[in-house]
Undergrad: 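Dropping a structure here in structure tokens format, bear with me for questions.
Both ligands and their constituent atoms are indexed starting at 1 by order of listing.
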Amino acid sequence: MDKTSTTLSPPSAPREFGFYVDGKSIPAGQRDLFERSSPGHGVPVTRIPKCTTEDLDQAVAAARMAFEDRRWSGLNGADRAAVLLRAGALIRERAEEIAYFETLENGKPISQARGEVGGCADMFEYASGLARSLHGDSFNNLGDGMFGLVTREPVGVCGLITPWNFPFLILCERVPYILASGCTLVVKPSEVTSATTLILAEIMTDAGLPSGCMNVVTGSGRSIGQALIEHQDIDMVSFTGSTAVGRAVVEASAKSNFKKLGLELGGKNPQIVFADADLEDAADGVAFGIAFNTGQCCVSGSRLIVERSVADKFALMVKHKLEKARVGDPLDEATHIGAITTDAQNSVIMSYIEKGQAEGATLICGGEQLDFGMGQYISPTIFGDVTPDMAIASEEIFGPVLTVMPFDTVHEAIDIANDTEYGLAASVWTKNIDKALTVTRRVQAGRFWVNTTLAGGPELPLGGMKQSGWGREAGMYGVEEYTQVKSVHIEIGKRSHWIE
Ligand code: TXE
């Protein structure tokens, strides 16, 4: 590993975090601890408490009390906006610390983590405006005797379960919108990446969020996560993670209190490249789409569907790009591709690489476990001679593994793109406006990119079609998800009597 430009090193001892309830950090005390080692360095970096179900009950009770006494939902939008704006500023102030722990726990490159933290501050700043502009509707067309209103009310106490691939970004695509709506919340981050969620809880208190409005319980999905989704006093759950656990969330909602759900699940996202595209641009975009965040990205462009006349040439162009990407120490500012976040994920990716070869696909590049003497790294991988029925072409791998499938016509490209149970994201690369629009209309995906990929920001909503999930996060749509509407008929003058 080239370590010439490494500027940071892992801590000499792990930092201990408490969980967070009612505006205070609560130390682990007698609770068991979960110690997290950096996937890039193999040394312990953080320790978090394994919360008990009593801790969860306490956190939910704090969120319930904060919601019901209206210390947050009863404020006017401008006051809520002021807190969210201050939180954005505090995220910027603590950006280096957040990026450092994000990189240590997740394994993503520090330069990428810094960029994400800046984007997270922006989420808060944008959502602050939505706290003021959120509104309902009125009906002035019901005749002289009647006026109609549709008001928006916060859903109540939200449970938020987040994954390990973008611990801070996914959190910040939700928390400011949840708070902008007037809801209170209890967050359960992934057990392997809890640090930056706990830092955000401190930031929210420092920004002036009343106590009890944001609580964080830490621990495993099977114990604390499951108890949260079954909880009778949580009104809504937003879950981001695997499709399997997504099903468990739906089941738990049905078996408990029919809590409202938002789900962002897996993806097997197409990158459709036409021969008339700017192929240099497209090759860079496709390389970025599959290797960004080591492909551990629900929206990663993992299926390259490319026009047959340029397929071989284009696959080599992507290969050359990926070969120039620097894989290595996530704390090195020059690194493009960091470590695989968990041992389990590393095994999953390597088993798909073996399966691809066993199924008869051709390894164009990568496919190797890289040995840097520390951590776990996999070289970016491309498979050619792939057919849509192969596991590597149909199942979410969640790693830097790209499958190449050629097409001859626009309609064939659309059919291959839609031949999946998922519908999270898609990209199309072409200079032909008709092709771009036809593909954008016909491919089923909640997020679409034309001549770019993985673009995002606070304005446009996120979420999936088909088995990629329910609902939308971020943007005005994201705030509205955390509200429920009430319709109000108002009689003007005297109501005509039923019985005279
Ligand atoms: O996800 P899990 P994992 C996909 C990706 C990956 C696979 C497994 O394919 O290989 O999922 O990753 C909590 N009740 N994605 O195992 O288990 C858990 O603690 C309630 C897609 O990490 O779904 C964590 O906080 N909660 C993806 C969160 O759910 C439970 C992001 C996600 O964990 C729970 C990550 C339970 N029974 C993985 N079990 C995306 N869409 O971005 C676990 N959890």
Undergrad: Is it true that Phe166 lies under 4.0 Å from ligand 1, counting heavy atoms only?
TA: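 So Phe166 does not count as touching ligand 1.
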
Undergrad: Nearest heavy atom to atom 21 (C) of ligand 1 wins, so pick from Cys298, Pro189, Gly241.
TA: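 It is Gly241 whose heavy atom sits nearest to atom 21 (C) of ligand 1.
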
Undergrad: What I want to know is whether Gln345 and ligand 1 share at least one N or O pair that is separated by under 3.5 angstrom.
TA: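 Such a contact does occur with ligand 1.
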
Undergrad: Would one find more than 12 heavy atoms of other residues, nucleotides or ligands at under 6.0 Å from atom CE of Met476?
TA: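 Yes, enclosed.
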
Undergrad: Check whether any N or O atom of Ile229, backbone or side chain, sits under 3.5 Å from an N or O atom of ligand 1, and answer yes or no.
TA: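 No, no N or O pair falls under 3.5 Å.
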
Undergrad: For Pro163, take its heavy atoms, then give the atoms of ligand 1 lying under 4.0 Å from any of them.
TA: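 Reading through ligand 1 atom by atom, the close ones are 31 (C), 35 (C).
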
Undergrad: Judged on heavy-atom distance to atom 7 (C) of ligand 1, which of Gly159, Ser190, Ser242 sits nearest?
TA: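 The nearest heavy atom belongs to Ser242.
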
Undergrad: Using a 4.0 Å cut-off to any heavy atom of Gly225, which atoms of ligand 1 qualify?
TA: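 What qualifies from ligand 1 is 14 (N), 20 (C), 26 (N).
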
Undergrad: Which ligand 1 atoms are under 4.0 Å away from a heavy-atom of Trp164?
TA: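 Selected atoms, number and element: 3 (P), 12 (O), 22 (O).
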
Undergrad: Please compare Thr341, Leu265, Leu424 and report which has the shortest non-hydrogen distance to atom 41 (N) of ligand 1.
TA: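 Nearest heavy atom to atom 41 (N) of ligand 1 lies in Leu265.
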
Undergrad: Kindly indicate whether the side chain of Thr205, heavy atoms from C-beta on, has any atom under 4.5 Å from the side chain of Tyr20.
TA: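 A side-chain contact under 4.5 Å exists here.
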
Undergrad: Less than 6.0 angstrom separating the ring centers of Tyr177 and Tyr482, yes or no?
TA: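 No, ring centres 6.0 Å or more apart.
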
Undergrad: Give, for atom OG of Ser300 and atom CD of Gln271, the distance between the pair rounded to the nearest 0.5 Å.
TA: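 If we round to the nearest 0.5 Å, Ser300:OG and Gln271:CD are 8.5 Å apart.
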
Undergrad: With a 6.0 Å cut-off on the ring centroids, do Trp449 and Phe288 count as close?
TA: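 Trp449 vs Phe288: aromatic centres not under 6.0 Å.
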
Undergrad: Salt bridge check: are Glu202 and Lys24 linked by an N-O gap of less than 4.0 Å?
TA: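 Not counted as a salt bridge, because no side-chain N and carboxylate O are separated by less than 4.0 Å.
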
Undergrad: Between Glu97 and Arg15, is there a side-chain N and carboxylate O pair less than 4.0 Å apart?
TA: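 Counted as a salt bridge, because a side-chain N and a carboxylate O are separated by less than 4.0 Å.
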
Undergrad: Any carboxylate oxygen within less than 4.0 angstrom of a Lys/Arg side-chain nitrogen, looking at Lys268 and Glu396?
TA: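 No salt bridge links Lys268 with Glu396.
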
Undergrad: So is Gly246 touching ligand 1 or not, going by heavy atoms under 4.0 Å?
TA: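 Not so, Gly246 does not reach ligand 1.
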
Undergrad: Ignoring hydrogens and angles, state whether a donor on the side chain of Tyr352 or Glu395 is under 3.5 Å from an acceptor on the partner side chain.
TA: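 There is such a pair between these side chains.
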
Undergrad: Who's closest to atom 32 (C) of ligand 1 heavy-atom-wise, of Leu263, Thr240, Val245?
TA: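 Going through Leu263, Thr240, Val245 one by one, Thr240 has the nearest heavy atom to atom 32 (C) of ligand 1.
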
Undergrad: What atoms in ligand 1 come closer than 4.0 Å to a heavy atom of Glu191?
TA: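 Under 4.0 Å from Glu191, ligand 1 has these atoms: 18 (C), 19 (O).
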
Undergrad: What protein heavy atom is closest to atom 15 (N) of ligand 1, reported as residue, atom name and distance in Å?
TA: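 Atom 15 (N) of ligand 1 sits closest to the protein heavy atom Phe398 CZ, 3.7 Å.
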
Undergrad: Which option wins on minimum heavy-atom distance to atom 28 (C) of ligand 1: Ile224, Thr162, Thr218?
TA: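 Ranked by closest heavy atom to atom 28 (C) of ligand 1, first place is Thr162.
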
Undergrad: Which residue and non-hydrogen atom of the protein lie closest to atom 13 (C) of ligand 1, and at what distance in Å?
TA: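 Ranked first by proximity to atom 13 (C) of ligand 1 is Ile161 CG2, 3.7 Å.
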
Undergrad: Look at atom 36 (C) of ligand 1 and say which protein heavy atom is nearest, naming residue and atom and giving the distance to 0.1 Å.
TA: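 I find the closest protein heavy atom is Gly221 O, 3.4 Å.
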
Undergrad: N/O to N/O below 3.5 Å, does that happen between Phe239 and ligand 1?
TA: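 No, Phe239 has no N/O under 3.5 Å of an N/O on ligand 1.
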
Undergrad: Of the protein's non-hydrogen atoms, which lies at the shortest distance from atom 9 (O) of ligand 1, and what is that distance?
TA: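 Closest protein heavy atom to atom 9 (O) of ligand 1: Glu396 OE1, 2.7 Å.
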
Undergrad: Count the heavy atoms belonging to other residues, nucleotides or ligands that lie under 6.0 Å from CG of Asp371, then report whether that count exceeds 12.
TA: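 Incorrect, the count does not exceed 12.
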
Undergrad: Ile48 pairs by side-chain contact (heavy atoms from CB on, under 4.5 Å) with which of Val192, Thr197, Thr218, Val216?
TA: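 The single option meeting the side-chain contact (heavy atoms from CB on, under 4.5 Å) with Ile48 is Thr218.
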
Undergrad: May I ask whether Val348 places a heavy atom under 4.0 Å from ligand 1?
TA: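 Under 4.0 Å: no for Val348.
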
Undergrad: Begin from the C-alpha positions of Gln112 and Glu116 and carry the test side-chain hydrogen bond (donor to acceptor under 3.5 Å, both in side chains) through to its verdict.
TA: CA-CA 6 Å; Gln112 181 192 321; Glu116 286 171 17; 2.7 Å; yes

Undergrad: Protein non-hydrogen atoms only, distance under 4.0 Å: does atom 44 (N) of ligand 1 have such a neighbour?
TA: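 Looking at atom 44 (N) of ligand 1, one finds that a protein heavy atom does lie closer than 4.0 Å.
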
Undergrad: Looking only at protein heavy atoms, which one is nearest to atom 37 (N) of ligand 1, and what is the separation?
TA: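 In this structure, atom 37 (N) of ligand 1 has Gln226 OE1, 2.8 Å as its nearest protein heavy atom.
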
Undergrad: Is the closest basic N to carboxylate O distance between Lys50 and Glu191 below 4.0 Å?
TA: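 Salt bridge absent between Lys50 and Glu191.
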
